[in-house]
Amino acid sequence: MKLTVPDYISSITPYSPGKPLEELEREYGVRDSIKLASNENPLGPSPMAAAAIANALKDLNRYPDAGGYYLIRDISERLGIKPANVVLGNGSDEILGMLTQAFLSPGSEVIMPKPSFLMYDILVRSAGAKAIYVPLRSLSIDMVAMADRVTDSTRMVFLTNPNNPTGTIISKEDFQRFLGATPASTIVVIDEAYIEFVRDASCLNSMEFFSEDRALVILRTFSKAYGLAGLRIGYGIMPIQIAELLHRIRLPFNANSLAQVGALAALRDEDFLRQSVNLVHEGLDFMAGALDDLAMEHFPTQANFFLINTHRPADGVFERMLRQGVIVRSMSSYGYPEYIRVNVGLHKENVRFMETIEAAI
Ligand SMILES: *Cc1c(COP(=O)(O)O)cnc(C)c1O
């Protein structure tokens, strides 16, 4: 059959999901493989979240609370904002999708760093909008160059702090200058998926700039530090005017009932969060030292992962590590054909990663 579809949809390269772990193990004849490819929490989910979810199973016959009342109340109290400033999503990915759907139309211009999170590009293209890529400078988002590209046609700007896949941060001063050069009505999205791991005191605290009079949207997720990637829950912090627009297109039950209770319990499980962040910091320090010992080029990171220059084709390094049961991410699809990204795991996983990469290179 001949389908009619806009060119901007048929030209999208789909997000590549990769095979399930069990399938890879069978194919490569390995066992006890470890996945260090998606920046997940190696400790598992918060035990309090798991218990809250188990307790909520008996109500699965009911629709979720479409307003996300309790979770939104807790989030807004912690941040000192109004509940109406918070919009829940099926992962922060969905908030990104609502923003692009609500504000972009064919021909709109969107500025984004490159390389950065692959979903920005996919979502901007889905709306038929035009992506303007600003290359990283020394692996950091070039805030001066980003501001230089803002024009009257700019509808939205994506910033990632810390950036994925480089782990670099945006400083308060750079952000302040950028905002000064950007109209208040241009949607500035700051994706903070890894903000809980930041140790550098010069890092931007975006909430300081939050206001009803500026189209600033801050995205957070329960997928990384909170250990709930499989549950699909994240949120956006935004002026009420923007939230009201998103509610017009939001599917009413986008945040499912288990996700709502799990996220609320995880938010309250401060011990688990502290333990998770500490584990990541110890792992980062260990791996930085071990990579130095092997004279492997890696870059300072404020997230829970490293970008490593292998100085050889990364797809080959990925494949050789996979045969040893260690799954990392080749950065060739991000435009870094000789780099891999690896997230910090449990200590024994970090040790196994180091042994395996030494052999793979
Ligand atoms: C992991 C990640 C997210 C999180 O997406 P969810 O949909 O909340 O799981 C968002 N942005 C970046 C840059 C990420 O790396």
Side-chain angles (χ1 to χ4, degrees), residues 3-17 63-68 71-72 75 83-114 116-133 149-160 164 182-193 206 210 212 214-223 231-256 259-260:
L3 300 174
T4 305
V5 62
D7 287 343
Y8 56 81
I9 298 291
S10 50
S11 67
I12 294 173
T13 312
Y15 183 86
S16 146
Y63 278 103
D65 168 15
L71 178 56
I72 286 182
I75 291 169
N85 291 125
V86 180
V87 176
L88 300 179
N90 187 257
S92 50
D93 280 359
E94 195 198 14
I95 311 278
L96 286 167
M98 287 189 244
L99 288 165
T100 50
Q101 188 187 347
F103 290 101
L104 304 183
S105 44
S108 311
E109 286 187 7
V110 181
I111 301 175
M112 65 178 82
K114 193 175 177 89
S116 193
F117 191 44
L118 297 176
M119 282 314 296
Y120 307 151
D121 201 41
I122 292 177
L123 291 168
V124 167
R125 285 163 179 266
S126 311
K130 184 177 166 213
I132 294 175
Y133 307 108
R149 299 303 300 269
V150 175
T151 67
D152 291 344
S153 316
T154 308
R155 204 59 81 67
M156 194 174 286
V157 180
F158 286 112
L159 298 171
T160 322
N164 178 5
T182 308
S185 59
T186 303
I187 314 277
V188 176
V189 181
I190 310 185
D191 182 346
E192 298 190 336
S206 57
F210 184 72
E212 291 295 336
R214 148 81 64 188
L216 180 63
V217 179
I218 300 160
L219 302 184
R220 303 255 173 100
T221 180
F222 290 94
S223 297
L231 208 51
R232 310 305 303 129
I233 181 92
Y235 58 98
I237 303 156
M238 63 198 80
I240 293 172
Q241 211 187 333
I242 296 181
E244 282 176 350
L245 286 166
L246 296 200
H247 285 309
R248 291 170 196 238
I249 53 169
R250 183 177 69 84
L251 302 178
F253 306 114
N254 64 324
N256 72 72
Q260 289 187 37

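- Taking both residues in full, the closest heavy atoms of V189 and L219 are given as CG1-CD1, 3.8 Å, listed atom of the first, atom of the second, then distance.
- Taking 4.0 Å as the cut-off between side-chain N and carboxylate O, D191 and R220 do not count as a salt-bridged pair.
- The shortest side-chain heavy-atom distance between L88 and I75 falls under the 4.5 Å cut-off.
- Closest approach of S105 and R155 over heavy atoms only: OG-NH1, 4.0 Å.
- Scored by the side chain to side chain contact (heavy atoms under 4.5 Å, CB included) test, D65 finds Y69, Q260 as partners (sequence neighbours excluded).
- Atom OH of Y15 sits in a sparse spot, with 12 or fewer heavy atoms from other residues, nucleotides or ligands closer than 6.0 Å.
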Inset, instruction - Check the pair V157, R149 against side-chain contact (heavy atoms from CB on, under 4.5 Å), reporting the backbone distance first and the verdict last. - result: CA-CA 10 Å; V157 180; R149 299 303 300 269; over 6 Å; no
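- A heavy-atom distance below 4.5 Å is found between the side chains of V87 and I95.
- Donor-acceptor pairing under 3.5 Å is recorded for the side chains of Y120 and T160.
- Across all their heavy atoms, F103 and S108 have their closest contact at O-OG, 4.3 Å.
- Contact of the E192 side chain with the S206 side chain is registered, since non-hydrogen atoms from C-beta on lie closer than 4.5 Å.
- With rounding to the nearest 0.5 angstrom, the CE atom of M119 is 8.5 Å from the OG1 atom of T100.
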Please report, to 0.1 Å, the donor-acceptor pairs under 3.5 Å made by any side chain of residues 122-131, with sequence neighbours excluded.
from	atom 1	to	atom 2	distance (Å)
R125	NE	D121	OD2	3.1
S126	OG	I122	O	2.7

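- With rounding to the nearest 0.5 Å, the separation of CZ in F222 from CG in L231 is 9.5 Å.
- Proximity of F158 to I111: side-chain heavy atoms (C-beta onward) are nowhere separated by under 4.5 Å.
- Here the side chains of R232 and S223 are in contact, with some heavy-atom distance below 4.5 Å.
- Within the 4.5 Å cutoff, no side-chain heavy atoms of S116 are placed close to those of L159.
- The number of heavy atoms from other shown groups lying within 6.0 Å of CD (E212) is above 12.
- Once rounded to the nearest 0.5 Å, the distance linking CG of D93 with CG of N90 reads 8.5 Å.
- Of the N and O atoms on the side chains of T154 and T186, not one donor lies less than 3.5 Å from an acceptor on the other residue.
- The two residues A255 and I233 make their nearest non-hydrogen contact at CB-CD1, 3.8 Å.
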Legend entry - M238/L246 under side-chain contact (heavy atoms from CB on, under 4.5 Å): CA gap, chis, key distance, verdict: CA-CA 10 Å; M238 63 198 80; L246 296 200; 3.7 Å; yes
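- Remark: E94 CD to Q101 CD distance equals 9.5 Å, nearest 0.5 Å.
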Inset, instruction - Test side-chain contact (heavy atoms from CB on, under 4.5 Å) on T182 and V188 and set out the steps. - result: CA-CA 9 Å; T182 308; V188 176; 4.2 Å; yes
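- Between I218 and Y235 the shortest side-chain heavy-atom distance does not fall below 4.5 Å.
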Legend entry - Stepwise side-chain contact (heavy atoms from CB on, under 4.5 Å) check, I190 with L216: CA-CA 8 Å; I190 310 185; L216 180 63; 3.7 Å; yes
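- Contact of the I242 side chain with the L99 side chain is registered, since non-hydrogen atoms from C-beta on lie closer than 4.5 Å.
- A pairwise comparison of heavy atoms in A215 and P239 identifies CA-CG, 4.5 Å as the closest pair.
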